[in-house]
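Reminder, nothing fancy here: chain letters follow the sequence lines and each chain counts from 1. All values reported here derive from a predicted model rather than from experimental measurement.
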2 protein chains.
Amino acid sequence: MAVRKNYNLSPSMEDYLEAILNVADPSGIARSRDIAATLEVAKPSVTGALRQLAKKGLVNYKPYGCVTLTTSGAVLAMKVAKKHDIIKSFLTEILGVDGPAAQDAACKAEHLLDVSIVSKMSHFTNFAKTRAKKGEDIMHLLKRFSAAGRAGK
Amino acid sequence: MAVRKNYNLSPSMEDYLEAILNVADPSGIARSRDIAATLEVAKPSVTGALRQLAKKGLVNYKPYGCVTLTTSGAVLAMKVAKKHDIIKSFLTEILGVDGPAAQDAACKAEHLLDVSIVSKMSHFTNFAKTRAKKGEDIMHLLKRFSAAGRAGK
DNA sequence: TAATAAAGTTAGGTGAACCTAACAATGGCT
DNA sequence: AGCCATTGTTAGGTTCACCTAACTTTATTA
């Protein structure tokens with residue numbers, strides 16, 4: 001059985017991991033300035049975050065060297081990214097939230113919704129889409145809901 | 001038209017407002033120690049929060065006096081509480097999340113989901129329940145979803 | 001009414017996550 | 001090789017939301 005380690009990452013540190021994953025070039029190398037740009041923080045904040053993450057064994061980091069995720073770091077980063085995608089899809093496809101708003105909400109919610117809830121969202125989205133393909137009416141109803149929801153009130 | 005004021009409340013301050021609403025006695029008076037107990041913080045943290053909220057005109061506060069919400073404070077507190085309820089209902093009734101987990105998630109999400117999304121959740125929940133009453137099958141499908149979701153994976 | 005328990009405050013301190021200003025290293029270009 | 005812009009780091013500071021320890025006020029009650 002795999003070793004389970006509790007890294008106790010703050011939302012902020014999860015954001016850094018996710019950003020590294022997103023800005024890394026094909027060989028997995030991330031630039032500090034790109035991380036800073038993505039997260040809209042100043043450069044010294046990135047340096048500080050990288051040192052914390054390195055201490056936890058989640059990134060390979062040496063001052064002025066190139067930054068990569070360790071295996072554990074990549075696993076965690078991908079978990080966060082996956083949560084993000086699931087939440088965003090759920091919000092757009094089920095609740096009818098528009099793209100930017102869903103993106104925004106997903107960025108925040110990914111850090112606080114635990115796996116069991118996100119997993120349910122994933123199932124819900126997949127379930128609804130599958131039923132729709134089989135000609136069942138759930139998506140039709142959902143669409144009518146969305147239209148009404150968008151209208152306001 | 002009503003005056004719109006941006007109080008720029010942190011999640012933490014919203015928690016204090018909500019706690020005051022929840023622990024207030026029938027005459028609206030809240031005790032500092034009950035607020036501390038509800039939020040699981042030390043007493044001096046409550047004093048500090050009350051002074052901040054008083055400065056913003058959201059609570060009536062004098063050292064050693066009794067604490068009540070102002071009208072604006074009550075409005076905001078009720079908004080937060082309402083968000084909380086909507087999110088919790090959505091999670092339990094639509095996604096099939098169990099009570100304690102839903103409660104927990106709602107406590108965190110209430111501070112970061114904006115009104116438009118929470119409003120969609122509310123509509124969704126009401127819509128599903130209404131359809132169910134009219135004998136339409138959405139709830140049946142949702143229940144089957146929930147059962148599958150609860151089973152795991 | 002005086003002692004005492006409970007409730008609330010002040011003082012001072014911590015850690016997280018930021019910031020700016022100034023300095024150091026790196027890499028490309030002539 | 002040497003210059004210089006870019007990138008990254010240090011140093012030092014701010015704000016927020018907490019904390020503990022010690023003190024004050026209020027309420028109880030003997």
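For C:dC23, neither phosphate oxygen OP1 nor OP2 lies less than 4.0 angstrom from any side-chain nitrogen or oxygen of A:Tyr64. Considering only side-chain N and O atoms, B:Gln52 lies nowhere under 4.0 angstrom from the phosphate OP1 or OP2 of D:dC16. For the OP1/OP2 pair of C:dC18 and a distance below 4.0 Å, the side-chain nitrogens and oxygens of A:Ser12 include at least one atom meeting the criterion. Between B:Tyr16 and the phosphate of D:dC18, there is a side-chain N or O to OP1/OP2 separation shorter than 4.0 Å. The phosphate of D:dC19 has OP1 or OP2 within less than 4.0 Å of a side-chain N or O from B:Ser45. Contact annotation: B:Arg31 side-chain N/O to C:dA6 OP1/OP2 distance is not under 4.0 Å. Side-chain N/O atoms of B:Thr47 include none lying less than 4.0 angstrom from OP1 or OP2 on C:dT10.
Rounded to whole angstrom, the span from the CD1 atom of B:Ile35 across to the C1' atom of D:dA17 amounts to 16 Å. We find that CG of B:Asp15 is positioned 10 Å from P of D:dA17, with the value rounded to whole Å. The separation between A:Lys43 atom NZ and C:dC23 atom C1' is 11 Å, rounded to whole Å. Following rounding to the nearest Å, B:Leu39 (CG) and C:dG8 (C1') show an atom-to-atom distance of 16 Å. Rounded to whole Å, atom P of D:dG8 lies 15 Å from atom CZ of A:Arg51. Atom CG in B:Asn8 sits roughly 11 Å away from atom P in D:dC16 (whole-Å rounding). Put simply, CG on B:Leu53 is 13 Å from P on D:dC16, counting in whole angstrom units. Between the OH atom of A:Tyr61 and the P atom of D:dG8 there is a distance of 10 Å, given to the nearest Å.
Here the side chain of B:Lys120 pairs no donor or acceptor atom with the backbone of A:Val97 at under 3.5 angstrom. B:Ser122 places no side-chain N or O within 3.5 Å of a backbone atom of B:Ile86 that could act as its donor or acceptor partner. No donor-acceptor pair under 3.5 Å is formed between the side chain of B:Thr68 and the backbone N or O of B:Gly28.
The only option from B:His84, B:Lys79, B:Lys88 that meets the side chain to side chain donor-acceptor pair (under 3.5 Å) definition with B:Glu110 turns out to be B:His84.
Minimum heavy-atom separation, A:Thr92 to A:Ala102: CG2-CB, 3.5 Å.
Minimum atom distance to the side chain of B:Pro44 is reached by C:dT10, of the listed C:dT10, D:dT10, C:dA7. Listed candidates were C:dA7, C:dT9, D:dA17. Nearest to the side chain of B:Arg33 is C:dA7.
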